[in-house]
Engineer: 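I'd like to ask some things about the structure below.
This is a predicted model, so every value here is computed, not measured. Throughout, protein chains are lettered first and strands after them, A, B, ... in sequence-line order, and every chain is numbered starting at 1.
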Protein chains: 8
Amino acid sequence: MRNSTSASQVTRNKPDKPTQTPNNLNTEATDNHTMTKVSIIIGSKSDTELGEKAAQILEEFNVPHELNVISAHRNPQKLTHHIKHSDADLYICIAGLAAALPGAVAAQTIKPVIGVPKDVKLGGLDSLLSIVQMPTGVPVATVAIDGARNAALLAVEILALSDKRLEEKLHEYREKR
Amino acid sequence: MRNSTSASQVTRNKPDKPTQTPNNLNTEATDNHTMTKVSIIIGSKSDTELGEKAAQILEEFNVPHELNVISAHRNPQKLTHHIKHSDADLYICIAGLAAALPGAVAAQTIKPVIGVPKDVKLGGLDSLLSIVQMPTGVPVATVAIDGARNAALLAVEILALSDKRLEEKLHEYREKR
Amino acid sequence: MRNSTSASQVTRNKPDKPTQTPNNLNTEATDNHTMTKVSIIIGSKSDTELGEKAAQILEEFNVPHELNVISAHRNPQKLTHHIKHSDADLYICIAGLAAALPGAVAAQTIKPVIGVPKDVKLGGLDSLLSIVQMPTGVPVATVAIDGARNAALLAVEILALSDKRLEEKLHEYREKR
Amino acid sequence: MRNSTSASQVTRNKPDKPTQTPNNLNTEATDNHTMTKVSIIIGSKSDTELGEKAAQILEEFNVPHELNVISAHRNPQKLTHHIKHSDADLYICIAGLAAALPGAVAAQTIKPVIGVPKDVKLGGLDSLLSIVQMPTGVPVATVAIDGARNAALLAVEILALSDKRLEEKLHEYREKR
Amino acid sequence: MRNSTSASQVTRNKPDKPTQTPNNLNTEATDNHTMTKVSIIIGSKSDTELGEKAAQILEEFNVPHELNVISAHRNPQKLTHHIKHSDADLYICIAGLAAALPGAVAAQTIKPVIGVPKDVKLGGLDSLLSIVQMPTGVPVATVAIDGARNAALLAVEILALSDKRLEEKLHEYREKR
Amino acid sequence: MRNSTSASQVTRNKPDKPTQTPNNLNTEATDNHTMTKVSIIIGSKSDTELGEKAAQILEEFNVPHELNVISAHRNPQKLTHHIKHSDADLYICIAGLAAALPGAVAAQTIKPVIGVPKDVKLGGLDSLLSIVQMPTGVPVATVAIDGARNAALLAVEILALSDKRLEEKLHEYREKR
Amino acid sequence: MRNSTSASQVTRNKPDKPTQTPNNLNTEATDNHTMTKVSIIIGSKSDTELGEKAAQILEEFNVPHELNVISAHRNPQKLTHHIKHSDADLYICIAGLAAALPGAVAAQTIKPVIGVPKDVKLGGLDSLLSIVQMPTGVPVATVAIDGARNAALLAVEILALSDKRLEEKLHEYREKR
Amino acid sequence: MRNSTSASQVTRNKPDKPTQTPNNLNTEATDNHTMTKVSIIIGSKSDTELGEKAAQILEEFNVPHELNVISAHRNPQKLTHHIKHSDADLYICIAGLAAALPGAVAAQTIKPVIGVPKDVKLGGLDSLLSIVQMPTGVPVATVAIDGARNAALLAVEILALSDKRLEEKLHEYREKR
C-alpha cells in the first residue's frame with residue numbers, strides 16, 4: 001500500500017484516514033491512492049458541489065473514494081499521472097462546457113468511466129454531447145446533466161456485481177424510495 | 001441452471017448452445033437465460049443491426065450474452081417477466097425515439113443498465129435525451145447515438161473488474177487499435 | 001364501488017368524499033379509485049404545482065379526479081398496480097427530464113393518456129421529446145411544456161364527447177375567454 | 001342526414017358510400033359530412049401519404065372518417081366552413097413547417113383535436129413546436145413527428161370510451177402486437 | 001372615414017383622436033380603424049410590453065397605429081372580423097409559444113404582415129419557428145425574438161417607400177445612432 | 001435613367017431589355033440598375049436555384065428585378081458599391097451558413113431587406129439565426145428556410161401598397177391557390 | 001506614426017499614452033491607432049464587460065491593444081474606416097445575436113480575426129453559429145460563448161510565434177494555473 | 001534538424017522531401033518533423049478527405065506541413081509524443097463527435113490550435129460544441145463545421161504576420177475570388 005502523505009486530497013472511507021471536509025478540497029492532486037474504489041475527478045473547483053453530491057452517495061454506501069480537481073485541458077500531465085497511479089476500480093468525471101475530462105480518462109484506462117455533464121452554458125447540452133458522443137473503442141458511461149448522484153449510484157451498481165453487501169444495500173436503498 | 005428450450009432467442013457463447021444467426025432473431029422473448037452475462041434488449045426488430053454490433057463485440061471477448069426484442073411500450077409485461085427471470089449481470093438496451101426501454105429496465109433491476117440511443121428522428125436527439133436524462137435514483141449508463149459497440153465495450157470493462165482474463169483481453173484490444 | 005380507506009390520496013369531486021387539500025398530497029398511492037373520471041399522476045412530489053393546475057380545471061368542470069405521485073422509474077410496480085385497479089376514463093401524466101411516465105401508463109392501458117412535459121432541464125425539451133416521440137402502437141396525447149391546464153381541458157373535451165353537460169360548460173368556458 | 005354529392009372527398013366506412021381510393025383525393029373540400037366520426041385534415045397534398053396512414057388505421061377499426069386537404073394558411077375560410085359543417089367527433093390534423101392547422105381547428109371547435117407534426121425541415125422540430133406549444137385554453141393532442149398512425153389509434157382510444165366494440169378491438173389490437 | 005366610438009382600443013397619431021395611454025389597453029378589439037397605417041396585434045395581454053415597444057417607435061415616426069389584443073387561438077372570429085374591417089397598410093403581430101397569430105393574419109390579408117416571436121419557453125425558439133417557417137404562398141416577415149422595435153422600424157421602412165417624409169426621418173434616425 | 005451596358009447581370013422585366021436566362025447569371029455584378037424594383041442578391045453561385053425561384057415569382061407579377069451574386073464576406077466592397085448605385089425599392093438576400101448578406105445590406109440602406117436563410121448545414125438553423133436575430137435598429141424581414149418564393153411574394157405585397165395593379169394580381173394569385 | 005488626438009478610445013500599453021480606464025470607453029471610434037497589436041471591437045456598449053475581460057488578459061501580457069465600440073450593422077462605414085486605418089496585427093470581435101461583426105472584419109482584412117459569441121438570446125447559440133459558420137475563403141477563429149479571455153489568450157499565442165518574450169510569458173502563465 | 005526516415009507520414013513542401021500522395025497516408029505517426037510549419041492532425045482515417053482539403057490550401061501557399069492520423073481518445077500517448085517532438089508553428093485538428101482532439105492538443109502546447117468540427121452525427125453540432133466551448137486558459141480557434149479549407153487559410157493568415165511573402169499571396173488569393 002502506498003503511503004498517504006498529502007492531506008490536500010478529499011479521501012473518504014479509507015481504513016486509516018478520517019474523512020475530509022469539502023473545505024479541504026485541494027487542486028493539488030497527489031498520487032497516494034490507498035484502496036480507493038471510486039475516483040471522483042472534477043474538472044474545475046467550481047464543480048465541487050456536484051463532486052460532493054457524488055461523494056455523499058458513496059459515503060452512504062461506505063464505498064472508499066476520493067475527490068480530486070484535475071482539468072483535462074489545464075493539467076493533462078497531472079491527469080495522466082493521477083490515472084497511472086490510481087488503484088480505483090472506476091472513475092466518475094464531472095465537467096462542463098467542452099467536457100473532455102471523462103473521455104481523456106477513458107482514453108488512459110480500461111476501467112469504467114462515468115461522465116457527468118455539467119450545465120454551465122446552453123443548458124449543459126455542450127457538455128452532454130462532449131461526453132456522450134465518444135468514438136468507438138473508448139466508451140464513457142454518461143448520466144444526466146448535473147446527475148452526480150446517479151453517477152455514484154451507477155458506480156455502486158457496478159461494484160455491487162462482485163460485492164454482496166453492496167447489492168443488499170442497493171436493494172434497501174431502492175425500497176426506501 | 002434453468003434449461004433452454006426455446007430456439008427463438010439469440011444466445012451466444014453459452015456452454016451447451018451453438019451461436020444463433022441473426023436470422024434466428026425472434027420477438028418471442030423467453031425466460032431461459034442460462035448463465036447469460038449480458039442481456040442485450042432491442043426495442044424493435046428494426047434495431048437488430050445495432051443489437052448485432054453489440055453482440056459481435058461480446059462475441060470477440062467470449063462474453064455469454066443474449067439478444068431479445070422487447071418493447072418497453074408494446075410489451076411491458078414481457079419486459080418485467082424477462083428482467084425478473086434474467087440472470088444477466090448487466091443489460092444493454094437499444095432504442096430510438098421516446099426511448100423508454102433502458103429506463104424501464106433500470107427501474108426494475110439494480111444491475112447496471114447501459115442505454116444506446118438510436119437515430120430514428122431528429123438525428124437521435126430525442127432518443128439520447130429520453131435515455132440519459134434519468135431522475136435521481138435510477139441511473140442509465142448512456143453511450144453515443146448508435147454507439148452499440150461502445151455499449152458492449154463498456155459492459156466488458158465492467159465485467160473485467162472481477163475477471164482478470166477479460167482485463168487482459170481489454171488491454172490487448174486497446175493496443176491493437 | 002371499492003371502499004376508500006386511505007386519506008393520503010388527493011381525490012376530488014367524488015360523491016361521498018370531501019375534496020382534499022393539496023397539502024394532503026401523499027406519495028403512497030393507493031388503489032381506492034371510486035368513480036374517478038380522470039387520474040392525474042405526477043412523477044415526483046416536485047411536480048405537485050403542475051398537478052394542482054390540472055386538478056383545478058377539472059374542479060371547475062366538476063369532473064371527478066384524483067392526483068397521485070407515482071414515478072415510472074422509481075415505483076414501476078406501484079404504477080402497474082395503480083393502473084390495473086384504476087377506473088379512470090383517462091390519465092394525465094406529468095413528468096420532467098427523461099419523462100417515461102406517460103408512455104409507461106400508455107403501455108399498460110387502452111384509455112387515452114395525456115402527457116405533460118415539465119421544464120426541469122434544457123427548457124423542457126428533453127421531457128417533451130421523451131413524451132411525444134412514442135413508437136407506433138402506443139400513442140400519448142402530448143400538450144405544451146408545463147401545459148397542465150391544457151391537459152385538463154383536453155381531458156374535458158374528450159369526456160364531453162359523451163356528456164352533454166360538459167359540452168355546454170366547455171362552450172361557456174370558451175365564450176368567457 | 002345531409003346528402004353526399006361530391007365525390008372529391010375521401011370518405012370511408014360510411015353506410016351508403018363506397019370507400020374512395022386515395023387517387024380520388026381532392027383539394028376541393030366540401031361540407032357533406034355524413035356521420036363522420038373522425039375528420040382527417042392535411043395541410044397540403046404532399047401530406048397525403050401521412051393522411052392515408054391515419055385513414056388506414058381507422059379503416060381497420062371500422063371508424064367512419066374522411067380525409068380532406070385544407071391549408072390553414074391558404075384556405076382559412078374553407079377551414080372555418082368545414083369545421084362549422086362537420087359532424088365529426090374529433091379531428092386529426094397533419095401539417096409541416098409552421099404547422100398552424102391543428103391549432104386553427106382547435107380554435108374553432110371544442111371537439112378534441114389531434115395534431116401530427118410532419119418532417120419537412122429541421123427534422124420536423126419546427127412543426128412539432130408549432131403544434132404542441134399551444135397557449136392555455138386551446139389544447140392540441142400532439143403525437144410524434146410523422147406519427148399519423150398513432151394519431152388514429154389515439155382517436156380510436158378516445159371513441160372507445162363510449163363504444164364497447166371499439167374497446168374490445170383495441171384490446172385485440174394490442175394483444176396482436 | 002368610419003367613426004371612432006370605442007375608447008378601448010389603443011390608437012395613436014390619428015387626426016381626430018388623442019393618443020391613448022397603454023393603460024387604456026383593452027382586449028375588446030373593435031372595428032373603428034380610422035386611417036390606421038399600422039395595426040399592432042398582440043396575442044395576449046402579457047405581450048403588452050412588447051406591443052408598446054413597437055408602438056413607441058411608430059410614435060417617434062408619427063405613424064398612425066393601433067394596438068389590439070386578439071389571440072389567434074382564443075378569438076379566431078374576432079381576428080377575422082378585425083382584419084376584414086381594418087384599413088391598416090400593414091400588420092405587426094407579436095406572439096409567443098405556438099405563435100399562430102402572424103400566420104393567421106397573413107392568411108386573411110394580402111397586406112404585409114410582420115411577425116415578432118416572443119420568448120416564453122425554449123428561449124423563444126418555438127415561437128420563432130412557428131412564425132418564420134410559413135408555407136409557400138403566405139409569407140410572414142419575421143424579425144428577431146422579442147424584436148418588437150425592429151418590427152416597427154421595418155414597418156416604417158416599408159411605408160417610407162411611398163412617403164418621402166418617412167424616408168427622410170429614417171435617414172435621420174440612422175444617422176443619430 | 002442610367003444606361004445598361006453589361007449583359008452579365010440577370011435583369012428582367014425592364015422596358016428596354018430582354019429577360020436574360022439563368023445561364024447568363026454572372027458573378028461580375030455591375031451598377032447599371034435601370035428602374036429595378038427588386039434587387040435579388042445571392043451570396044454564392046450555389047444559391048442560384050433559390051434566386052431563380054424568387055425571380056420567377058417576380059416574373060409572374062411583372063415586377064422589374066435583377067439577380068446578382070455578391071458575397072458579403074468575399075466581396076464587401078462590391079456589395080457596398082452595388083447598394084450605393086442601386087435604384088431598387090427593396091432587396092431579397094439569399095444566403096446560407098453564417099449568412100451575413102441580408103444584415104450587411106440592411107446596414108447600408110433604409111430600403112426594406114428580405115432575408116432568405118438557406119439550408120447548407122444544420123438544416124439551415126445557422127443561417128436562419130444569422131439572418132433573423134438582427135440587433136435593434138437594423139431589421140431584416142426573414143422568411144422560411146429556403147423560402148425564396150415567399151420572399152418574392154412578400155416583396156410583391158410591399159410594392160402592392162402603392163400599386164393597385166399588383167394588389168389586384170395578388171388577390172387573383174391568392175384565389176387561384 | 002499617426003498622431004493620437006482623440007481621448008475617446010480605450011488604448012492601452014502604448015508608448016506615449018496612458019492607459020485609459022474603461023469608463024472612458026467611447027463609441028466614437030477614431031483612427032489613431034499607434035502601434036496597436038490587438039484591436040478589440042465590441043458590437044455594442046453592452047458588450048463592454050466582455051471587451052474588458054479580453055483587454056485585461058492583454059494587459060497582463062503587456063500587449064498593446066485598444067477597445068472600440070463599432071457595430072457592423074449600425075456603423076458599417078465606421079467599421080470599414082477603422083479597419084483600413086488600423087495597424088493592428090489581429091482583431092478580437094465580440095458580438096451577440098446575429099453577430100456579423102467578426103465576419104465583417106474578416107471580410108475586410110487578411111489579418112487573423114478572433115470572434116467571441118455573446119450570450120444574449122438562445123444561450124448564445126445564435127451568436128455562435130453566426131460567427132463560426134463562415135463560408136470558405138474568409139475564416140474567423142471562433143472561441144467559446146462569452147469566452148473573451150480565451151480570445152485574448154489565443155491572440156497572445158499567435159503573437160508569441162514571432163515574440164520570444166510572449167512565448168516565455170505564456171509558458172509561465174500556463175504553469176501558474 | 002531531425003532526420004526524416006519514415007515515409008509513412010504525409011509531409012509536404014519540405015526542402016529535401018517529395019510531396020507524398022494522400023494514398024501514402026499512414027496512421028503510424030512518427031516524430032520526424034523537419035521544419036514543419038503546420039501540423040494537421042485528423043482524429044480518424046475517415047477524416048482524411050477533410051485533412052486533404054486543408055493540406056491542399058497549404059500546398060497552394062507553399063507552407064510546409066504534414067498530415068497525421070492520431071486519435072485523442074485512442075492514442076493519447078502517441079498524441080503527447082507527437083506534440084512534444086513537433087516543431088510545427090501551429091496545429092490544425094480535425095475531429096467529429098465528442099471531438100476532444102483540438103482541446104487535447106491545445107492542452108499540451110502554447111502554439112495556436114485550430115479546430116475543425118466534422119459532421120458525423122447531429123449535423124456536426126456535437127463536434128462543434130466539443131471543440132469551441134473550451135474553458136478559460138486553453139483556447140481553440142474553431143472554424144465552421146467541415147471547414148477544413150478555412151482552417152488552412154486561418155493558419156496562413158497567422159503565419160503571414162511574420163512572412164511578407166505569405167501576406168502578399170493572401171492578398172492575391174483574396175483578389176482572385
Engineer: Which bit of Pro76(F) is near chain G, if near means a heavy-atom gap under 4.5 Å: side chain, backbone, both or neither?
Structural biologist: side chain

Engineer: Just grab all the ring pair (Phe, Tyr, Trp, His ring centres under 6.0 Å) pairs involving residues 96-140 of chain F, residues at least two apart or on different chains.
Structural biologist: none

Engineer: In terms of heavy-atom pairs under 4.5 Å, which option from Gly137(F), Gly103(F), Ala104(F), Ala100(F) contacts chain G the most?
Structural biologist: Gly103(F)

Engineer: Pick one of side chain, backbone, both or neither for Ala106(F), based on which atoms fall under 4.5 Å of a heavy atom in chain G.
Structural biologist: neither

Engineer: Any idea which donor-acceptor pairs are under 3.5 Å between chain G and chain F?
Structural biologist:
from	atom 1	to	atom 2	distance (Å)
Arg74(G)	NH1	Thr136(F)	O	2.8
Ala98(G)	N	Gln133(F)	O	2.9
Asp126(G)	OD2	Gln133(F)	NE2	2.9
Ser130(G)	OG	Ser130(F)	OG	3.2
Gln133(G)	O	Ala98(F)	N	2.9
Gln133(G)	NE2	Asp126(F)	OD2	3.0
Thr136(G)	O	Arg74(F)	NH1	2.7

Engineer: Leu122(F) versus chain G, heavy atoms under 4.5 Å apart: side chain, backbone, both or neither?
Structural biologist: side chain

